[in-house]
Amino acid sequence: MTPGPLRVMTVYGTRPEAIKVAPLLRGLGEDPRFDPVAVVSGQHREMLDQVNQIFGIVPDVDLDVFAHGQTLNGLMAKVFERLDPVLVKASPHALVVQGDTSTVAAAAMAAFYREIPVVHLEAGLRSGDLRSPFPEEANRRVTSQLASLHLAPTATARDNLLRENITADDVVVTGNTVIDALLHTSRQGVPFSDPRLVALEEGRRVLLVTTHRRESWGTAMQGVGRALRVLAERYPDIEVVLPVHRNPLVREALLPALDGLPNVLVTEPLAYGEFTRLMAASTVVLTDSGGVQEEAPSLGKPVLVLRSNTERPEAVTAGTVRLIGTQEHDVVRQVSLLLDDPGAYREMAHAVNPYGDGNATTRCVAALAQLLGVGEREPDFAG
Ligand code: UDP
């Protein structure tokens, strides 16, 4: 009897997880050696559905663990309780988790307890501070301890793992699948559905802003809101565009300061295709997002990061990303510098691809094949 394809289960719950997992699910689906099983946790339900649609993914199981206002422990408990019977029933040959959310840590632990090999996609990112970003840094470290295969996006991430005594043979440098997702999506040329966004492509300077991180909720985010007001008033010729996260805490902190400004455009979160188009049309990107820090440099956009540390130092070293924190005057000063000084702008606005070459999926699939004894891994991504 010939053995059937190997079942590789992937558990994901948030928009950024979906964006980074989608190319891998497609890659596994196109390879006869594998039978991918997509399990969604439903953590960011609507935003997740948008991404699944772009990549043609239909989830096999929905754990439906999301509830408004639930605690991290409540979420973890639900993932354990609802994933375990799914693991038992499907009995996958490996479980893939991506990144650093609480779903990731819980799913990795649940699979480990069932003696299912854990594969960590985007492994080895470290801020160096267990409490920041919270709780992601802890989630990443826990997951690294449980994984059998570490798909590190960059050599820096691999080195972080080796410093923690992870076996070198278990680490493959793949590049980040977010760049595969970005290229796939940009090729589709998705149009804007909001006419206000269409108008932006007519040559207006755009300051694109996304912020959502837990550490910035409250006063830090209010400061960012005030800084945006100062900038919008100082530069009436620019358009400040905010696709605002659905979290009410983000909205309450950020939006009141921006009321009544004609050149501030607030939208709902954009579907991935539209968001990548907006990044490409932007002049400066101001963000605390991990994924955006990885994508915008490859589009040649300067990125100012609303954080004081990052687990993604590669583009900072390459000079296209700068950490500026969340203080009102720092945000105003750093954005103004880029808007006023063409030399300073040029210095930051060059395309670099430290995070991937668009072939991460192929390397990930090959590494999985090696783990499961049906192939050989490919040479590491060189960066
Ligand atoms: N993104 C999107 N629509 C938006 C804002 C962001 O599709 O309105 C994408 C973005 O391109 C990136 C990902 O979402 O790939 C980042 O998600 P987020 O900032 O929520 O999380 P993080 O990357 O910080 O984990």
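Atoms within each ligand, like the ligands themselves, are counted from 1 in listed order.
- Atoms CG and CZ, on Leu24 and Phe34 in that order, are 9.0 Å from each other to the nearest 0.5 Å.
- Residue Arg15 has at least one N or O atom closer than 3.5 Å to an N or O atom of ligand 1.
- The heavy atom nearest to atom 21 (O) of ligand 1, considering only Gly273, Pro16, Pro269, is found in Pro16.
- Contact annotation for Tyr272 and ligand 1: heavy atoms of both the backbone and the side chain come within less than 4.0 Å of the ligand.
- For Gly290, a nitrogen or oxygen atom sits less than 3.5 Å from a nitrogen or oxygen atom of ligand 1, counting backbone and side chain alike.
- Taking every non-hydrogen atom of Ser289 and a distance limit under 4.0 Å, the qualifying atoms of ligand 1 come out as 16 (C), 18 (P), 19 (O), 22 (P), 23 (O), 24 (O).
- Side-chain N or O atoms of Thr287 include one that pairs as donor or acceptor with a backbone N or O of Ser289 at under 3.5 Å.
- Side chain to side chain, Glu137 and Ser127 meet the donor-acceptor criterion of an N or O pair below 3.5 Å.
- Not one N or O of Asp288 is nearer than 3.5 Å to an N or O of ligand 1, by distance alone.
- A salt bridge (Lys or Arg N to Asp or Glu O under 4.0 Å) with Asp100 is found for exactly one of Arg140, Arg312, Arg141, namely Arg140.
- Taking a cut-off of under 4.0 Å to the non-hydrogen atoms of Pro243, the atoms of ligand 1 that pass are 8 (O).
- Polar contact with ligand 1: present for His212 (N/O pair, distance under 3.5 Å).
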Checking Gln98 against Glu17 for the side-chain hydrogen bond (donor to acceptor under 3.5 Å, both in side chains) test, could you report, in this order, the C-alpha distance in whole Å, the side-chain angles of both residues, the deciding distance, and whether it holds? CA-CA 6 Å; Gln98 190 286 328; Glu17 284 174 306; over 6 Å; no
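- In this structure, CZ in Arg158 is found 11.5 Å from CZ in Phe381, a value given to the nearest 0.5 Å.
- Note that Arg214 lies outside the cation-pi zone of Phe134, set by a 6.0 Å cut-off to the ring centre and a 45° limit from the axis.
- Applying side chain to side chain contact (heavy atoms under 4.5 Å, CB included) to Arg363 and the options Asp357, Thr177, Leu368 leaves one that passes, Asp357.
- Atom numbering of ligand 1 starts at 1 in the shown order; those under 4.0 Å from a heavy atom of Glu295 are 10 (C), 11 (O), 12 (C), 15 (O).
- In this structure, of Leu270, Val51, Val292, the residue bringing a heavy atom nearest to atom 8 (O) of ligand 1 is Leu270.
- At least one heavy atom of Arg213 sits closer than 4.0 Å to an atom of ligand 1.
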